[in-house]
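On a predicted model such as this, the values are computed, not experimentally measured, just so you know.
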Amino acid sequence: MNRYICLPLAWSLRRAGFTPYLFGYSSVHDGIEANAACLANFVAGIPEDTVHFVAHSLGGLVTLEMLSKHKHTRQGRAVLLGSPIRGSFLAHSLAKYRFGKWLVGPSLIEWNPPPLNTWTGKTEVGVIAGSIRLGMAMFFSSGLPLPNDGAVAVEETQLLGLKAHLVLPVSHTGMLVSSRVMRETATFLRTGEF
């Protein structure tokens with residue numbers, strides 16, 4: 001998915017008083033470290049005193065990698081939406097096939113097994129997981145633990161050291177247009193709580 005899939009979320013955050021900047025990256029061609037370095041460069045060009053992060057799916061892994069490996073001085077908070085931070089059953093399953101490896105790309109494959117057991121970074125991280133199994137990915141995710149959002153299991157979104165974790169009745173893609181997800185995201189960015 002490209003960055004424009006996050007436009008509804010960006011519009012909602014703008015209405016809530018934030019100034020969104022959309023970052024795009026190549027999940028099919030570049031690995032997670034290269035994408036994290038690109039994100040660090042992107043953040044360096046943002047003219048704001050505080051920088052928060054809102055990332056969907058693989059974008060959450062890129063964000064965590066950037067926050068843990070690159071110096072970031074304008075500390076804000078981060079909300080990860082449906083990010084498989086404990087590894088991805090779906091990516092592991094798809095990577096067994098040539099087409100699946102291309103579809104998943106190197107970033108998710110590099111994240112399996114996950115490099116993090118606990119979040120120890122300075123950034124307060126909140127995660128929103130979905131529990132409605134809906135979308136094209138569910139056809140390739142037989143055996144994905146329940147509950148899940150059709151692509152990512154709730155248990156894959158949990159990590160020690162997170163500031164907050166919330167499960168909502170949304171699908172993996174549906175969370176990008178959910179008014180509840182948007183409200184909870186803005187609340188966490190302001191308060192550090194859902």
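- In terms of heavy-atom proximity, Gly82 sits nearest to Met175 at N-SD, 3.5 Å.
- Inter-residue side-chain proximity for Thr19 and Ile46 is flagged as unmet; no heavy-atom pair is nearer than 4.5 Å.
- The shortest distance between side-chain heavy atoms of Val43 and Val51 falls below 4.5 Å.
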side-chain contact (heavy atoms from CB on, under 4.5 Å) between Leu22 and Leu7, intermediate numbers included: CA-CA 8 Å; Leu22 296 174; Leu7 277 175; 3.5 Å; yes
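- The backbone N or O of Pro8 lies less than 3.5 Å from no partner atom in the side chain of Ser12, so there is not a single donor-acceptor pair.
- Judged by distance alone, the side chain of Glu156 and the main-chain N or O of Ala153 form a donor-acceptor pair under 3.5 Å.
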Pair Phe18-Arg190, side-chain contact (heavy atoms from CB on, under 4.5 Å): steps then yes or no: CA-CA 10 Å; Phe18 297 95; Arg190 285 192 192 99; 4.0 Å; yes
Pairs under 3.5 angstrom only: tabulate donor-acceptor contacts from the side chains of residues 119-126 to other protein residues two or more places apart or in another chain.
residue	atom	partner	partner atom	Å
Trp119	NE1	Thr123	O	2.8
Thr123	OG1	Gln75	NE2	2.1
Glu124	OE1	Arg77	NE	2.5
Glu124	OE1	Arg77	NH2	3.4

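- By the rule that hydrophobic residues join a cluster once side-chain heavy atoms approach within less than 4.5 Å of another member, Leu159 and Val167 end up as members of separate clusters.
- Across all non-hydrogen atoms, the minimal contact from Leu58 to Tyr25 is C-OH, 3.4 Å.
- If you chain together hydrophobic residues whose side chains sit under 4.5 Å apart, Val152 and Ile5 never meet in one group.
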Pair Asn117-Leu160, side-chain contact (heavy atoms from CB on, under 4.5 Å): steps then yes or no: CA-CA 7 Å; Asn117 293 316; Leu160 291 173; over 6 Å; no
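- Between Glu193 atom CD and Leu166 atom CG the span is 11.0 Å, to the nearest 0.5 Å.
- Transitive grouping of hydrophobic side chains (ILVMFWY, heavy atoms separated by less than 4.5 Å) brings Leu162 and Leu67 into a common cluster.
- Phe23 has its side chain within reach of Cys38: a pair of non-hydrogen atoms, C-beta onward, lies under 4.5 Å apart.
- One hydrophobic cluster, built from ILVMFWY side chains closer than 4.5 Å, holds both Met182 and Phe194.
- If you take OG1 on Thr157 and CD1 on Ile85, they are separated by 6.5 Å, rounding to the nearest 0.5 Å.
- A pairwise comparison of heavy atoms in Ala151 and Asp149 identifies N-OD1, 2.9 Å as the closest pair.
- With values rounded to the nearest 0.5 angstrom, Leu9 atom CG is found 12.0 Å from Arg14 atom CZ.
- A distance-only check finds a donor-acceptor pair linking the side chain of Thr187 to the backbone of Arg183 [under 3.5 Å].
- With values rounded to the nearest 0.5 angstrom, Leu39 atom CG is found 10.5 Å from Ile32 atom CD1.
- No side-chain donor-acceptor contact under 3.5 Å links Ser83 and His56.
- Glu184 is not listed as a side-chain neighbour of Val79, based on a closest heavy-atom distance of 4.5 Å or more.
- The hydrophobic cluster containing Trp11 also contains Tyr4, counting ILVMFWY residues as joined when their side-chain heavy atoms lie under 4.5 angstrom apart, directly or transitively.
- Within the 4.5 Å cutoff, no side-chain heavy atoms of Arg133 are placed close to those of Ser171.
- Smallest separation of non-hydrogen atoms from Val154 and Ala129: CG2-CB, 4.2 Å.
- Taking the side chain as every heavy atom from C-beta outward, Pro84 and Leu61 approach each other to under 4.5 Å.
- For the residue pair Gly60 and Leu80, the shortest heavy atom distance occurs at CA-CD2, 3.6 Å.
- For the atom pair CE (Met66) and CG (Asn35), the distance works out to 12.0 Å, reported to the nearest 0.5 Å.
- Note: Thr50 OG1 to Leu189 CG = 11.0 Å, rounded to the nearest 0.5 Å.
- Tyr21 and Pro47 get closest at one heavy-atom pair: OH-CD, 3.6 Å.
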Intermediate values then yes/no, side-chain contact (heavy atoms from CB on, under 4.5 Å), Glu155 and Asn148: CA-CA 8 Å; Glu155 68 185 43; Asn148 66 63; over 6 Å; no
